[in-house]
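Let me begin by presenting the structure, written as structure tokens, before commenting on it.
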Amino acid sequence: MELVTASPEETEAVAARLGERLGPGDLVLLVGDLGAGKTTFVRGLARGMGVGGRVTSPTFQLVRVYPGPVQLAHVDLFRLDGGAELGELDLDGLLEVGAVAVEWGGRLEASEDAVRVVIESLGEDRRRLTLTGGSNGANRWSW
Ligand code: ADP
Ligand code: MG
């Protein structure tokens with residue numbers, strides 16, 4: 001699925017619709033340059049999931065966990081320095097208990113089951129969002 005948003009609010013709204021359908025074991029990989037809107041998208045995911053708390057960029061932490069009806073773990077791999085730190089992440093453990101959203105998700109080994117969200121700036125406030133994947137659980141996602 002490909003669509004263009006014209007404001008951060010529109011990007012959040014798209015993400016919230018996805019968030020409503022996320023459950024434990026779901027992995028969302030966010031791909032896009034600095035300032036593309038990855039954190040903005042995660043903010044929408046959290047809203048859709050009914051997760052409270054302020055979602056900010058976890059750039060100085062590898063992962064931030066937001067409790068909710070379904071837990072959301074927000075990971076940022078921007079400053080990841082090699083495999084050792086990635087091992088500390090315990091992605092499988094996080095996926096056992098909740099959904100996981102990963103900024104700079106292209107740095108993870110691609111899982112076919114993951115939902116991939118590519119965000120590209122089209123200038124000013126316009127962003128192209130391309131959502132693919134999520135083959136886990138036949139036709140769960142409508143793209
Ligand atoms: P990233 O996490 O990819 O570095 P952020 O979500 O932190 O990006 O920042 C995106 C910036 O772009 C914010 O300042 C946001 O307000 C702005 N922005 C403008 N238009 C959009 C849009 N259509 N979608 C998402 N963010 C947008
Ligand atoms: Mg960010």
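Whatever order the structure lists ligands and atoms in, that order sets their numbers, starting from 1.
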Contact check: Arg126 vs ligand 1, nitrogen or oxygen atoms, below 3.5 angstrom: no
Any donor-acceptor N or O pair under 3.5 Å, side chains Glu12, Thr40: no
Heavy-atom nearest neighbour of atom 25 (C) of ligand 1 within options Thr11, Thr56, Thr39, Asp125: Thr11
Test salt bridge (charged side-chain N to carboxylate O under 4.0 Å, His left out) applied to Glu124 - qualifying residues, sequence neighbours left out: none
For atom 8 (O) of ligand 1, the protein heavy atom that lies nearest, with its residue and separation: Gly37 N, 3.1 Å
Protein contact of atom 17 (C) of ligand 1 - nearest heavy atom, named by residue and atom, plus distance: Arg127 NH2, 3.8 Å
Best match, Ser57, Ala6, Pro8: closest heavy atom to atom 16 (O) of ligand 1: Pro8
Gly23 to Ala99 - nearest heavy-atom pair and separation: O-CB, 3.7 Å
Nearest-neighbour protein heavy atom for atom 13 (C) of ligand 1, which is reported as residue plus atom name and distance: Thr40 OG1, 4.3 Å
N-O pairing of Arg128 and Glu2 below 4.0 Å: yes
Any Ser7 heavy atom less than 4.0 Å from ligand 1: yes
Under 3.5 Å donor-acceptor, Arg107 side chain and Leu77 backbone: yes
Closest approach of any protein heavy atom to atom 11 (C) of ligand 1, naming residue and atom: Gly35 O, 3.7 Å
N, O or S atom within Glu103 nearest to the Mg ion (ligand 2), by name: OE1
The Mg ion (ligand 2) contact by Thr39, N, O or S atom under 2.8 Å: yes
Tyr66 vs Met49 side-chain heavy atoms within contact, under 4.5 Å: no
Part of Glu103 within contact of ligand 1 (heavy atoms, under 4.0 Å): side chain
Leu34: numbered ligand 1 atoms lying under 4.0 Å from its heavy atoms: 4 (O)
Heavy-atom donor-acceptor pair, Asp33 side chain to Ala36 backbone, under 3.5 Å: no
Shared-cluster residues of Val97, by chain and number - hydrophobic side chains joined below 4.5 Å: none
Enumerated ligand 1 atoms positioned under 4.0 Å from heavy atoms of Asp33: 3 (O)
Test side chain to side chain contact (heavy atoms under 4.5 Å, CB included) applied to Thr11 and Thr5, Asp125, Leu3, the passing residue: Thr5
